[in-house]
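Report on the structure given below.
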Protein chains: 2
Amino acid sequence: MQITLKDIARMADVAESTVSRALNNKPGVGEDTKLKIIKIAKKHNYRPNQLARGLAANKTNMIAVILSEMDSPGNIEIVKSLEKAAEKNGYQIILCNTNNQTEKEKSYLTLLESNQVDGAIFIGGKLVEGHLLRASFSPENNIVLVNRLAEENFFTSVLTDYSQGVYKAVGHLLDQGFENIALVGGEDYNLIEEEKSAGYKAALIDHGYQINEDLIFSIKADRKSGYNVFLEIIEGDIIPDAFISTSELTTIGLVEAIKMGGYFIPDDFAVVGYGDNILTSVIDPPLTVLSEPVDALADYSFNFLLKLINKKMKDQQIKVLTPELIIRESSISKYN
Amino acid sequence: MQITLKDIARMADVAESTVSRALNNKPGVGEDTKLKIIKIAKKHNYRPNQLARGLAANKTNMIAVILSEMDSPGNIEIVKSLEKAAEKNGYQIILCNTNNQTEKEKSYLTLLESNQVDGAIFIGGKLVEGHLLRASFSPENNIVLVNRLAEENFFTSVLTDYSQGVYKAVGHLLDQGFENIALVGGEDYNLIEEEKSAGYKAALIDHGYQINEDLIFSIKADRKSGYNVFLEIIEGDIIPDAFISTSELTTIGLVEAIKMGGYFIPDDFAVVGYGDNILTSVIDPPLTVLSEPVDALADYSFNFLLKLINKKMKDQQIKVLTPELIIRESSISKYN
DNA sequence: TTGTAAGCGTTATCAC
DNA sequence: GTGATAACGCTTACAA
């Protein structure tokens with residue numbers, strides 16, 4: 001058995017409440033008794049039972065970070081940034097990976113509903129469904145969404161403005177003289193894809209171009225689908241001269257397919273990818289990418305959550321951040 | 001306030017214990033009362049407070065997976081595999097990233113010591129230090145180490161046989177006619193590096209070659225260090241014709257440096273990298289790698305932990321798994 | 001089959 | 001400044 005507060009109390013010959021006060025730095029303990037207690041606790045390597053503590057105080061100082069996708073380097077970066085913020089504020093993070101499975105999300109949601117964590121940050125994922133929505137109705141459930149949309153925006157959220165991002169990318173490619181720009185987005189289960197194509201269309205129109213719906217592709221957000229979509233495209237009627245790929249892994253697959261086909265980037269096809277990470281930077285040639293403001297996403301979401309936990313959030317907050325276009329070789333026309 | 005077991009009991013007009021039994025599928029409840037209780041619980045979306053439950057039953061059905069390094073795709077694969085195993089067995093995983101910081105590891109260790117989790121799996125990291133060792137003395141602390149060594153092997157562990165791996169890699173490169181093989185390993189803070197160089201030396205000797213200590217490099221296990229070490233090497237007296245790089249990220253940096261220097265792989269330098277993951281497969285040319293048996297690592301470690309938790313582990317167990325050499329272009333001599 | 005009550009290890013509210 | 005004691009929400013003997 002582990003040593004408990006009661007044991008310490010006995011050894012120090014004081015009441016349990018005194019031990020609790022002493023060990024938690026609360027007022028109302030004599031300096032000398034306090035020191036005595038701390039000494040004994042240290043000597044016996046006392047560790048408060050956090051379950052009991054959480055039960056009594058209704059506070060665990062832990063938050064859950066619920067990841068939709070662990071293979072995305074961007075998400076990992078957000079997590080690392082969140083960890084720093086949490087540490088600074090005395091919170092521990094527990095990470096939960098759902099792999100985009102609603103069932104797993106539900107099961108991790110019980111961490112919140114059963115008071116094991118003080119709040120949760122959801123990173124990415126499908127359009128918010130019933131279970132999450134329902135959970136959000138309880139004011140005890142402190143929830144912040146990152147890069148995730150709901151039909152009705154009940155949630156405190158931090159979002160990347162994908163529309164803006166794609167808009168920028170299209171503008172850049174047009175500037176470079178590419179005129180048949182294909183948009184390779186994800187499957188439309190989260191409204192975010194609609195945003196992307198909205199940005200795409202707006203940019204083309206604003207620059208005086210026509211929209212060709214056949215150049216908009218919706219595929220699964222993985223590497224293989226990125227690869228396959230290229231094979232499909234070059235069999236098609238209208239061959240683009242540039243690609244905007246809006247997910248990290250499809251970008252990889254797309255580039256692989258282009259190179260495997262014996263084509264050159266950017267000479268045959270320009271590419272704007274997604275995510276300024278080790279993957280896109282390792283690839284040859286260096287990829288122009290839309291880059292998420294990962295640190296800002298983490299900072300805002302953590303601070304929002306803190307406010308929710310401390311009941312300091314007056315109105316619902318939504319923060320929208322703009323991705324950056326990082327221009328490298330893959331989108332620079334040789335005719336420029 | 002959330003609804004509690006007590007509330008359900010009142011609504012169903014039965015005792016709390018009956019509710020508990022009904023909801024936990026324990027014997028000793030009439031089928032009809034059971035159904036009634038379950039119905040009420042469902043109707044009110046009852047979620048047992050896991051803190052209270054854990055406190056009372058001394059069991060949380062959660063395990064901690066403590067990651068030394070989140071940027072390593074291999075580790076991520078192990079985690080994903082562990083998640084599957086956990087789910088199958090009714091456990092939830094909480095992920096903790098230490099970034100190789102002892103302080104963070106200590107703080108996550110309290111999850112175990114304060115009974116918030118039933119056990120912990122440590123993946124990678126430095127040579128086991130005092131805090132972990134001390135924790136392991138308590139039989140309540142169920143600990144399994146993956147790819148991590150301790151001076152004294154008190155721990156239930158699952159290990160990759162790096163020595164074997166490097167041995168294979170050297171053999172392969174010699175077969176291909178490369179004779180000046182450099183070993184680029186990590187800093188020697190975890191004994192694992194010693195294993196690697198042991199395998200390296202043994203292979204050379206067994207094949208009748210001499211060992212040149214100047215061809216063994218110990219660097220930080222990140223991309224930049226991998227890059228820099230190449231620049232350093234080509235300035236040196238003895239230029240290798242092949243590299244074995246034993247960490248995922250240094251492999252990336254090394255390859256970048258070689259290509260940046262205008263050299264070709266494998267024509268100028270053969271490369272055997274580490275980790276069969278998206279990074280090493282994206283790189284041009286396709287990399288020969290030593291590949292960890294990630295699924296087996298996960299399976300063994302989870303099953304070991306389960307046995308520990310259920311007190312079914314008789315003697316301390318150590319399982320050693322051999323990495324696979326996956327041969328691709330980067331190590332195939334053109335003179336063969 | 002069901003209820004009573006003790007107990008898990010804390011914190012918090014009172015008295016003193 | 002300190003000590004009793006209730007409370008947190010659940011599980012589990014034991015009794016009925």
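Just so we're on the same page: letters track the sequence lines, and every chain starts at 1.
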**OP:** Look at the side chain of B:L5 and decide which nucleotide, out of C:dG9, D:dA13, D:dT11, has an atom nearest to it.
**Re:** D:dT11

**OP:** Compare the minimum distances between each of C:dT2, C:dT10, D:dT2 and the side chain of A:T18, then state the nucleotide with the smallest one.
**Re:** D:dT2

Original post:
Is any side-chain N of the basic residue among A:R148 and A:E105 closer than 4.0 Å to the acidic one's carboxylate O?
Top reply: yes

**OP:** Using a heavy-atom cut-off of under 4.0 Å over every strand shown, decide if B:Q50 touches base, sugar-phosphate, or nothing.
**Re:** nothing

Original post:
Got a donor-acceptor pair under 3.5 Å from the side chain of B:R47 to the base of D:dG9?
Top reply: no

Subject >> B:E87 with B:K84: basic N within carboxylate O range, under 4.0 Å >> reply: no

Original post:
When you measure from every atom of DNA chain C, which of residues 107-115 of chain B have a heavy atom less than 4.0 Å away?
Top reply: none

Subject >> Candidate nucleotides C:dT10, D:dA4, D:dT11, ranked by approach to the side chain of A:A15 - the nearest >> reply: D:dA4

Subject >> Side chain of B:Y46 - closest among D:dC10, C:dT10, C:dG9 >> reply: D:dC10

**OP:** Map B:A56 and B:D13 onto DNA chain C by nearest heavy atom, then report which one ends up closer to the 5' terminus.
**Re:** B:D13

Subject >> Nearest-nucleotide pick for A:S17, side chain only, options being C:dG9, D:dG3, D:dT12 >> reply: D:dG3

**OP:** Mind listing the residues from residues 24-37 of chain B sitting with a heavy atom below 4.0 Å of DNA chain D? Number order is fine.
**Re:** B:N24, B:K26

Original post:
When you check the phosphate oxygens OP1 and OP2 of D:dT11, does a side-chain N or O of B:R53 lie under 4.0 Å from one of them?
Top reply: yes

